[in-house]
Amino acid sequence: MCAVQAGYLGKKVIVLEKNEKPGAKILISGGGRCNFTNQFTSAEQFISANPHFVKSAFTQWTVDDTISFFETYGIQGKEKTLGQLFPDDKNAKDVVQVFTSVCEDFGQEIRCSADVKDIEILPAGFKVTYEKNGKTVVLASEKLVIATGGLPIPKMGATDFALRFARKQGLKIIETAPALVPLTITGKDEEWFARLSGNSVFCEASNNEIAFEENILFTHWGLSGPAILQISSFWRRGETINLNLLPQQNIVALLDEERKTNGKTLLSTMLNRIYTRKFTDALDKFLPLNKPVAALTKGEIDLIEQTIHHFKVKPAGDKGYDKAEVMRGGIDTNEISSKTLECKKIPNLFFGGECLDVTGWLGGYNFQWAWASGFVIAQNL
C-alpha cells in the first residue's frame with residue numbers, strides 16, 4: 001500500500017520482499033478470502049500502550065478510503081459478520097494482484113527473495129545490504145520504510161527484523177507476545193476439553209477487562225474460535241477466563257418455563273435443544289443431567305446457572321507464534337510521530353504495520369491499520 005500510494009504521488013519506491021512472492025499473509029487471511037477491512041474500525045479496537053496513537057492515521061485514511069480503493073480495482077466488499085468486509089466474488093489472490101499490478105503500472109519495483117542483512121544509517125540517508133540468489137546487493141536511499149511485520153507464523157517468513165533493528169538504534173520496545181491465538185488446557189481438565197474436540201458453542205468470553213460474543217471451538221489441546229482468539233489478546237498467563245455458554249438467554253428462566261410446561265423433561269433433553277448432544281453429555285461431569293427439571297433442588301439450579309453462565313477456564317498457555325494471527329507489543333509508539341509515522345530520533349526512517357505497538361482485534365482491523373499506515377508513510381516520503 002505504501003508503494004502504491006507513493007506511486008500516485010510520483011515517488012519512486014523499491015520494495016525488498018524476503019519471500020519468493022509478495023503478500024504471503026494476505027493470501028492466508030480469512031481462509032484465503034481476505035477480510036480486508038472492518039466497517040466499525042476506530043481506535044477502540046486496538047491494543048497499544050498509547051491507545052490514541054492510531055487516531056491520526058485513521059483520520060487520514062478511513063475505512064471508506066479502503067472500500068473506494070478496492071472498488072476502483074474491481075473488488076467489492078461484502079459484509080460477513082460484525083462489520084467484516086470480504087471481497088464479494090473474489091479472494092485474497094485478487095487483493096494481492098491489485099497491489100502488484102498497480103506497482104507495476106507506476107514502475108514501483110518489488111524485488112522478491114531479497115533478504116536484508118544490514119542497514120547502515122548515513123549522514124544523508126541509508127545504506128541497505130541484502131542477499132538475493134546468493135549475491136550481495138547494496139542500495140542507498142534518502143528515505144527508508146520498515147514494514148516487516150511481527151513474529152507470527154515464522155514459516156511464512158515472519159521475523160523480528162524490525163524489532164532487532166529498532167533495539168540496535170536504542171528505540172524502546174513494548175514487550176511482545178502472541179495475540180489472536182488459540183489457548184491451551186493442560187492438567188486435570190485436559191481430557192475433558194479434548195473429548196469435545198470439534199464442538200463449537202456460541203458464547204461470551206470475558207475477563208475483568210473486556211467481553212466478546214462469538215463462537216468458541218473446542219480442540220484436542222484446548223480452545224480456539226473467534227471469541228477465544230479475541231480474548232487471548234487481553235489474557236495474561238495465570239489468569240482465568242469466564243465463558244457464558246448461553247449469553248443471550250437465562251438458563252434459570254428457561255428451567256422455570258420448562259417446569260411449568262413439562263416438569264418431567266430431563267435436564268439433558270432440555271440442554272440438547274441448546275447444545276450438541278456431545279456437549280450436553282460432557283456436562284455430565286458437572287450437572288445432574290438425568291434428573292427431571294421439576295425435581296431439581298435450589299442448590300442444583302444454582303450449580304446449573306454457575307456452570308452455564310460462569311464457566312471458568314484457566315488456560316495453561318497459548319499456541320505461540322506459529323498459530324498466532326498477530327503480535328501484541330512492538331516498537332513503542334512514543335518513538336514515532338503519529339501524524340507521519342516517522343521515527344522521532346532518526347529522520348527519514350519510517351515504521352508501519354504490525355512491527356509497531358498497535359494490535360487490532362480479529363476481523364479486518366489489522367488490515368485497516370496496514371493500509372492506513374502505508375498511506376500515511378507514502379504522503380511523507
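- Between Phe375 and Phe69, the ring center distance fails the sub-6.0 Å criterion.
- Ion pairing between a basic and an acidic side chain is recognised when a charged N comes within 4.0 Å of a carboxylate O; Lys168 and Asp118 show such pairing.
- What you find for Ser233 and Ile47 is that their closest heavy atoms are CB-CD1, 3.4 Å.
- Residue Leu289 holds its CG atom at 12.0 Å from NZ of Lys291, rounded to the nearest 0.5 Å.
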Requested in this report: Given side chain to side chain donor-acceptor pair (under 3.5 Å), test Thr340 with Ser337 step by step and report yes or no.
Outcome: CA-CA 6 Å; Thr340 65; Ser337 161; 3.1 Å; yes

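- Checked against a 6.0 Å centroid threshold, the rings of Trp221 and Phe193 do not count as neighbours.
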Requested in this report: Just do the side chain to side chain donor-acceptor pair (under 3.5 Å) check on Gln60 and Ser56 with the steps written out, would you?
Outcome: CA-CA 6 Å; Gln60 295 179 63; Ser56 175; 3.1 Å; yes

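- Proximity of a side-chain donor or acceptor of Glu239 to a complementary backbone N or O of Arg236 within less than 3.5 Å is detected.
- Open room surrounds NZ on Lys21; 12 or fewer heavy atoms of other groups in view lie less than 6.0 Å from it.
- Ring geometry for Phe286 versus Phe311: interplanar angle over 60°, hence perpendicular rather than tilted (30 to 60°).
- Between the side chain of Asp256 and the backbone N or O of Ala253, no donor-acceptor pair lies under 3.5 Å.
- Counted by atom type alone, Asn272 and Thr269 present zero donor-acceptor pairs between their side chains at under 3.5 Å.
- In terms of heavy atoms, Asn19 sits closest to Ala24 at ND2-CB, 3.5 Å.
- For Glu131, the CD atom is densely surrounded, since the number of other residues' heavy atoms within 6.0 Å is greater than 12.
- Residues Val376 and Val358 are members of one and the same hydrophobic cluster, defined by side-chain heavy-atom contacts under 4.5 angstrom among Ile, Leu, Val, Met, Phe, Trp and Tyr.
- The aromatic ring centres of Phe36 and Phe86 sit 6.0 Å or more apart.
- A salt bridge links Lys25 to Glu354: at least one charged side-chain nitrogen sits closer than 4.0 Å to a carboxylate oxygen.
- The backbone N or O of Leu349 lies less than 3.5 Å from no partner atom in the side chain of Lys143, so there is not a single donor-acceptor pair.
- The side-chain hydrogen bond (donor to acceptor under 3.5 Å, both in side chains) with Tyr130 is formed by just one residue from the set Lys18, Arg111, Lys135; it is Arg111.
- With Ser141 contributing its side chain and Phe126 its backbone, the two residues share no donor-acceptor pair below 3.5 Å.
- We find that Lys117 and Asp115 are joined by a salt bridge, their nearest charged nitrogen and carboxylate oxygen being less than 4.0 Å apart.
- Counting heavy-atom neighbours within 6.0 Å of Glu142 CD, excluding the residue itself, gives a total of 12 or less.
- In this structure a side-chain-to-backbone donor-acceptor pair under 3.5 Å is missing from Ser48 to Pro51.
- Two rings, from Tyr365 and Phe40, have their centers 6.0 Å or more apart.
- Atom-to-atom distance recorded for Thr359:OG1 and Leu180:CG is 8.0 Å, nearest 0.5 angstrom.
- Taking the six-membered ring for Trp and thresholds of 30 and 60 degrees, Phe351 and Phe165 have ring planes inclined between 30 and 60 degrees apart.
- A centroid separation of 6.0 Å or more is found between the aromatic rings of Phe58 and Phe53.
- Atom CD1 of residue Ile251 and atom CG of residue Leu287 lie 9.0 Å apart, to the nearest 0.5 angstrom.
- With Glu342 as the fixed residue, the side-chain contact (heavy atoms from CB on, under 4.5 Å) test singles out one of Asn348, Asn380, Ile336: Asn348.
- Between the side chains of Thr41 and Gln45, not a single donor N or O lies within less than 3.5 Å of an accepting N or O.
- Across His309, Glu204, Glu213, a single residue satisfies side-chain hydrogen bond (donor to acceptor under 3.5 Å, both in side chains) together with Asn244, and that is His309.
- The aromatic rings of Tyr8 and Phe106 sit perpendicular, their planes meeting at an angle over 60°, well past the 30° parallel limit.
- With no hydrogens or angles considered, no side-chain donor-acceptor pair links Lys172 and Asn334 at under 3.5 Å.
- Around NZ of Lys312, the count of heavy atoms belonging to other residues, nucleotides or ligands within 6.0 Å exceeds 12.
- More than 12 heavy atoms of other residues, nucleotides or ligands sit less than 6.0 Å from atom NZ of Lys132.
- Using a distance-only test at 3.5 Å, with no hydrogens or angles considered, no donor-acceptor pair links the side chain of Tyr321 to the main chain of Ala179.
- With a 6.0 Å radius and a threshold of 12 heavy atoms from other residues, nucleotides or ligands, Lys345 has its NZ atom above the threshold.
- When atom types are taken as modelled, the side chain of Thr184 and the backbone of Gly317 share a donor-acceptor pair closer than 3.5 angstrom.
- Here the side chain of Lys127 pairs no donor or acceptor atom with the backbone of Leu139 at under 3.5 angstrom.
- Checked for salt-bridge contact, Lys298 and Asp302 meet the test: a charged N lies under 4.0 Å from a carboxylate O.
- For the residue pair Trp371 and Thr37, no side-chain donor N or O sits within less than 3.5 Å of a side-chain acceptor on the partner.
- Atom SG of Cys355 sits about 10.5 Å away from atom CZ of Phe161, to the nearest 0.5 Å.
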Report task. I would like to know whether Asp357 and Thr333 meet side chain to side chain donor-acceptor pair (under 3.5 Å); could you show each step before the answer? Result -> CA-CA 6 Å; Asp357 174 34; Thr333 55; 5.1 Å; no

Query raised in the report: Does the side chain to side chain donor-acceptor pair (under 3.5 Å) test come out yes or no for Gln39 and Gln84, once each step is laid out?
Result: CA-CA 7 Å; Gln39 290 173 304; Gln84 301 171 38; over 6 Å; no

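- Looking only at distances, a side-chain donor or acceptor of Trp192 sits under 3.5 Å from a matching main-chain atom of Ala282.
- Scanning both residues, Ala6 and Leu381, for their nearest heavy atoms gives CB-CD1, 4.2 Å.
- Between the side chain of Glu300 and the backbone N or O of Thr297 there is at least one donor-acceptor pair closer than 3.5 Å.
- Across all non-hydrogen atoms, the minimal contact from Phe367 to Cys34 is CE1-SG, 3.8 Å.
- One side chain, Glu258 or Thr265, offers a donor N or O that lies under 3.5 Å from an acceptor on the other.
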